[in-house]
Number of protein chains: 2
Amino acid sequence: MDDEILQWDTRADCEVRQILDRIADKWSLLVIALLERRTMRFTELRREIDGVSQRMLTVTLRQLERDGLVDRTVHPVVPPRVEYTLTPLGATLHEAIKSLVVWTETHQNDIAAARYAYDDKVEAEREAARGQG
Amino acid sequence: MDDEILQWDTRADCEVRQILDRIADKWSLLVIALLERRTMRFTELRREIDGVSQRMLTVTLRQLERDGLVDRTVHPVVPPRVEYTLTPLGATLHEAIKSLVVWTETHQNDIAAARYAYDDKVEAEREAARGQG
DNA sequence: CAGTATCCTGACGGATACTG
DNA sequence: CAGTATCCGTCAGGATACTG
């Protein structure tokens, strides 16, 4: 059972990165997180997601819809009412992402510390090299 | 305990996306997957990762090193020998990513089917619209 | 309200040449 | 071997204007 998982490599990466490309773009993750809570309308999402443009919200939602992660329901009324909701598939993805969220919450300090140390080290080496000049 | 996890939202997303940005780029995931198996040298990685340029492998490794996910060891010999290995932190990240890999392997057919259906639907709608003129 | 359509910019990353 | 330096094309995504 572990075998297959340990075997993920170059080939598996191709598919995994397709998924990563989808959820790692600037807005998808936010949309999935919000829709996991409740159905939302286009403008609701726009208000909730600070900084997203009309265009990019549309593009993001279309991609998620195309991949079967989000459902789009048009209510034939005037003015139009379009509701977005997470599909069961989308919900399972949200579950899978959680482990990454947990990891991040657990280790963000480690990363921050590592960056700080690295930048410091580089700086020190620059300094030393200048002394050698 | 679940509360904190269910609460991940706009704020959590900021940090999570930083991590996603790191692992979702074109090469990082591949590097992490390879180094999880064993320590490797620069040229080994380059050979193993089909299509990566010298520049991008360097950039990728530097970022991973800066974030404390990869260790870089320079052996002072001629010709130079530089070995890369996953840090304990990097190893835990690899673990966290696995759930996403598993999800992808489980659901890639669903996604492929969803895309196919979506493209079909769009095509059909275009056709219908043309009929309407 | 919920989108298209169009234009434009900057960063990501590839190709190439050079180096300790 | 393991990089750095430089140039350059591409394209994701922002700003803006228009529409059923």
Side-chain angles (χ1 to χ4, degrees), chain A residues 13 17-18 20-31 34-35 39-66 70-85 118 121-122 125-126 128-129 132-133, chain B residues 13 17-18 20-31 34-35 39-66 70-85 118 121-122 125-126 128-129 132-133:
Chain A
D13 176 78
R17 219 170 56 211
Q18 278 191 43
L20 280 174
D21 283 345
R22 178 92 327 137
I23 63 172
D25 66 31
K26 224 173 168 188
W27 311 111
S28 294
L29 196 63
L30 236 21
V31 170
L34 287 169
L35 291 185
T39 296
M40 291 180 83
R41 300 178 61 180
F42 186 86
T43 306
E44 278 185 302
L45 283 166
R46 230 204 130 171
R47 254 197 306 270
E48 207 78 19
I49 303 174
D50 200 61
V52 72
S53 66
Q54 225 162 9
R55 177 186 136 83
M56 285 319 295
L57 182 53
T58 302
V59 169
T60 300
L61 287 168
R62 286 295 175 282
Q63 285 177 338
L64 293 173
E65 188 195 356
R66 179 168 184 261
V70 159
D71 251 343
R72 177 173 179 269
T73 311
V74 183
H75 298 274
V77 295
V78 181
R81 175 183 190 85
V82 180
E83 294 188 325
Y84 292 93
T85 177
Y118 182 88
K121 203 192 70 181
V122 171
E125 282 169 4
R126 288 247 168 92
Q132 287 284 331
Chain B
D13 176 78
R17 220 170 53 211
Q18 278 190 44
L20 280 174
D21 284 344
R22 178 93 325 138
I23 64 171
D25 67 31
K26 222 172 168 189
W27 311 111
S28 294
L29 195 64
L30 235 21
V31 171
L34 287 170
L35 291 185
T39 295
M40 292 179 84
R41 300 178 60 178
F42 186 87
T43 307
E44 278 184 303
L45 283 167
R46 229 204 131 173
R47 253 197 307 272
E48 207 77 19
I49 303 175
D50 199 61
V52 72
S53 66
Q54 221 162 12
R55 175 187 139 84
M56 285 319 294
L57 183 54
T58 303
V59 170
T60 300
L61 287 168
R62 285 295 175 283
Q63 285 176 339
L64 292 173
E65 187 195 357
R66 179 167 183 261
V70 158
D71 252 342
R72 177 172 179 270
T73 311
V74 183
H75 299 273
V77 296
V78 181
R81 176 184 190 84
V82 181
E83 293 188 324
Y84 292 94
T85 177
Y118 181 89
K121 202 192 71 182
V122 171
E125 282 169 5
R126 288 249 168 92
Q132 287 284 331

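For A/M56 and D/dC11, the CE to C1' distance is 12 Å, given to the nearest whole Å. To the nearest angstrom, C1' of D/dG3 lies 16 Å from CD of B/E83. To the nearest angstrom, P of C/dG3 lies 15 Å from CD of A/Q63. For the pair A/L45 CG and C/dC1 P, the interatomic distance rounds to 14 Å; values are reported in whole Å. Atom CG in A/L57 sits about 18 Å away from atom P in D/dA12, given to the nearest Å. Between the CE atom of A/M40 and the C1' atom of C/dG3 there is a distance of 17 Å, given to the nearest Å. Between the CG atom of A/D21 and the C1' atom of D/dA12 there is a distance of 12 Å, rounded to whole Å.
When the side-chain nitrogen and oxygen atoms of A/R41 are compared with OP1 and OP2 of C/dA2, one or more of them lie within a distance under 4.0 Å. The phosphate of C/dG3 has OP1 or OP2 within less than 4.0 Å of a side-chain N or O from A/R72. Between A/T43 and C/dA2, a side-chain N or O to OP1/OP2 separation shorter than 4.0 Å is present. Taking only side-chain nitrogens and oxygens, B/Y84 comes nearer than 4.0 Å to OP1 or OP2 of D/dG3. The phosphate of C/dC12 (OP1 or OP2) has no side-chain N or O of B/W27 nearer than 4.0 angstrom.
Within the shown strands, D/dA2 is the pairing partner of C/dT19 under the Watson-Crick or G-U definition, both distances less than 3.5 Å.
Looking at which nucleotide of DNA chain D each of A/K26 and A/Q54 is closest to, the 5′-most match is held by A/K26. Residues B/S53 and A/P80 both approach DNA chain C. Their nearest nucleotides, taken by heavy-atom distance, put A/P80 toward the 5′ side.
Remark: side-chain polar atoms of B/T39 are not paired, donor with acceptor, to backbone N or O of B/E83 under 3.5 angstrom. No donor-acceptor distance shorter than 3.5 angstrom exists from the side chain of A/R22 to the backbone of A/L64, with no hydrogens or angles considered.
Here D/dA15 is the nucleotide among D/dA15, D/dC1, C/dA2 with the atom lying nearest to any side-chain atom of A/R55.
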